[in-house]
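Throughout, residue positions are numbered sequentially from 1 according to the sequence presented. As a basis for the values below, the full set of heavy atoms in this structure was taken, side chains included, without hydrogen atoms, waters or symmetry mates.
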Amino acid sequence: MTKKIFFASDFHLGLDLVKTSKEREEKVVRWLNTVSAEADQLFLLGDIFDFWFEYRRVIPKGYTRLLGKLAQMSDEAIKIHLFTGNHDSWMFDYFQEELGIDVHHQPQSITLGNHTFFVGHGDGLGSHDRKYKFIKSVFRNRVSQSLFAMMHPNVGLSIMKYFSRKSREKNEALEEYNGVENEWQIQFCESYNTSHQHDYYIFGHRHIPMTCGLSNGHSRYFNIGDWMKHFSYGVYDGQTFEIKFFENDKGQITRIT
């Protein structure tokens, strides 16, 4: 059996929606149980948690089922890559030291099989949203992280969960396709591809399963959606990349020509 490489993003565990965080976590674990037998690698592309901060001796409560499954997969020699998103950027060494998972804070250019990939969460790309980029730089600053770490975990986590929830409420209206000219991830790919050509660009963050061929006629962009509404994921079999849906018969992909 040919091993496959799987991609998923935007679980936002810790946030209760139509399905509670626990229900969605259980669904994620069912999916991992389903694909692990044929998985060679797993890429988690950010916002796996709705908020995450690693104190020196404390990690956020919960997520036992997911962390246990990831540990098992890592122990079974399935290579796992975890990219930080805008909601869980404060990851340090816990996943690497305890679970053997590589953590990436920036998009990565990688070769898988016979194809080149540019992979990341997908936030803050190109010239889009300078205000957000400034806030992101503050959050990723070592001084900011050190000051936050001085708070008692009960206080710090409560504050950031509040702001995380407000951010989700603000961005919900943006999670609709509004034309290729307004899709800044696609615009970034077009620009970046002129000097750094890749076969596939794979992102999360937009929460919309979508795909678009780039203007060079060869490269292709994918957004793999989310696990809040779509329960979608990407799979690469060594020849092609495609988006699939787990326990969701109504899943649809926005295909942009």
Side-chain angles (χ1 to χ4, degrees), residues 1-11 31-32 34-48 70-71 73-86 88-89 91 93 95-97 99-126 140 183-206 208-226 232-244 246 253 255-256:
M1 179 179 63
T2 302
K3 292 287 187 174
K4 299 177 181 178
I5 300 173
F6 294 90
F7 300 73
S9 182
D10 293 273
F11 300 162
W31 170 66
L32 292 173
T34 300
V35 304
S36 60
E38 56 180 349
D40 178 64
Q41 297 187 57
L42 172 66
F43 286 78
L44 300 175
L45 301 188
D47 285 0
I48 301 305
L70 293 178
M73 293 174 70
S74 180
D75 290 344
E76 293 171 350
I78 297 172
K79 184 66 176 177
I80 303 175
H81 302 266
L82 178 57
F83 288 74
T84 58
N86 51 301
D88 52 14
S89 63
M91 293 182 178
D93 57 12
F95 286 89
Q96 178 65 58
E97 292 184 356
L99 307 177
I101 294 174
D102 288 345
V103 175
H104 306 281
H105 295 275
Q106 299 293 339
Q108 301 290 311
S109 177
I110 56 177
T111 299
L112 300 173
N114 296 320
H115 295 94
T116 54
F117 287 70
F118 192 77
V119 181
H121 181 58
D123 59 318
L125 297 176
R140 295 196 172 181
E183 288 296 334
W184 45 269
Q185 286 186 349
I186 296 175
Q187 298 304 320
F188 165 82
C189 293
E190 290 283 14
S191 175
Y192 192 78
N193 206 48
T194 59
S195 56
H196 304 82
Q197 185 166 301
H198 292 75
D199 298 311
Y200 295 116
Y201 289 83
I202 315 296
F203 299 122
H205 187 60
R206 282 289 284 115
I208 306 172
M210 70 173 99
T211 182
C212 177
L214 302 187
S215 58
N216 68 351
H218 170 74
S219 305
R220 194 158 196 91
Y221 156 83
F222 288 88
N223 192 289
I224 55 174
D226 67 10
S232 50
Y233 63 97
V235 56
Y236 174 69
D237 63 3
Q239 300 297 323
T240 59
F241 184 95
E242 61 180 323
I243 296 175
K244 295 186 176 183
F246 183 69
I253 303 170
R255 300 184 183 274
I256 307 161

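- Under a 3.5 Å cut-off, the side chain of H198 and the backbone N or O of H196 do form a donor-acceptor pair.
- A donor-acceptor contact shorter than 3.5 Å is absent between the side chain of D88 and the backbone of G46.
- By the 30° and 60° cut-offs, the orientation of the rings of H121 relative to H205 is perpendicular.
- Side-chain atoms of D199 do not come within 3.5 Å of backbone N or O of H218 as any donor-acceptor pair.
- Residue E38 holds its CD atom at 8.0 Å from NZ of K3, rounded to the nearest 0.5 Å.
- Distance check: S36 OG to L42 CG gives 10.0 Å after rounding to the nearest 0.5 Å.
- Summarising the geometry of V119 relative to F83, their closest heavy-atom pair is O-CE2, 3.4 Å, with the distance given to 0.1 Å.
- Side-chain N or O atoms of Q197 include none that pairs as donor or acceptor with a backbone N or O of S195 at under 3.5 Å.
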Exercise. Between Y221 and L214, is a side-chain contact (heavy atoms from CB on, under 4.5 Å) present by the stated rule, with each step listed?
Worked result: CA-CA 7 Å; Y221 156 83; L214 302 187; 4.2 Å; yes

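- If you take CG on L112 and OH on Y200, they are separated by 11.0 Å, rounding to the nearest 0.5 Å.
- When all heavy atoms of M210 and I253 are compared, the pair lying nearest together is CA-CG2, 3.9 Å.
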Problem set entry | Test log, rule side-chain contact (heavy atoms from CB on, under 4.5 Å), inputs L82 and L70 | CA-CA 11 Å; L82 178 57; L70 293 178; over 6 Å; no

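- Under the 3.5 Å distance criterion, the side-chain polar atoms of N223 are left unmatched by any main-chain donor or acceptor of P209.
- Contact detail for F203 and C189: the closest heavy-atom pair is CE1-SG, 3.6 Å.
- In this structure, the separation between CD on E183 and CD1 on I256 is 6.0 Å, given to the nearest 0.5 Å.
- To the nearest 0.5 Å, atom OH of residue Y233 and atom CD of residue E242 are 8.0 Å apart.
- Residue N114 places its CG atom among 12 or fewer non-hydrogen atoms of other residues, nucleotides or ligands, all under 6.0 Å distant.
- For the pair S232 (side chain) and I224 (backbone), a donor-acceptor distance under 3.5 Å is present.
- Across every non-hydrogen atom of A8 and W31, the tightest pair is CB-CH2, 3.7 Å.
- Each salt bridge (charged side-chain N to carboxylate O under 4.0 Å, His left out) pair with one or both residues in residues 102-111, not counting sequence neighbours, appears once here: K79-D102.
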Exercise. Hey, mind stepping through F241 and H115 against side-chain contact (heavy atoms from CB on, under 4.5 Å) and telling me if it holds?
Worked result: CA-CA 10 Å; F241 184 95; H115 295 94; over 6 Å; no

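- Checked against the 6.0 Å centroid criterion, the rings of F117 and F43 do not qualify as a close aromatic pair.
- Closest approach of S9 to G204, counting heavy atoms only: OG-CA, 3.5 Å.
- Here the closest non-hydrogen pair linking Y236 and G113 is OH-CA, 3.8 Å.
- Expressed to the nearest 0.5 Å, how far CG of D237 lies from CG of D40 amounts to 12.5 Å.
- Side-chain atoms of K4 do not come within 3.5 Å of backbone N or O of Q41 as any donor-acceptor pair.
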Exercise. Can you check side-chain contact (heavy atoms from CB on, under 4.5 Å) on Y201 and Q185, steps first, answer last?
Worked result: CA-CA 9 Å; Y201 289 83; Q185 286 186 349; over 6 Å; no

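- When the side chain to side chain contact (heavy atoms under 4.5 Å, CB included) test is applied to S74, the partners found at least two apart in sequence or on another chain are I80.
- The closest donor-acceptor contact from the side chain of S191 to the backbone of F188 lies at 3.5 Å or more, if one exists at all.
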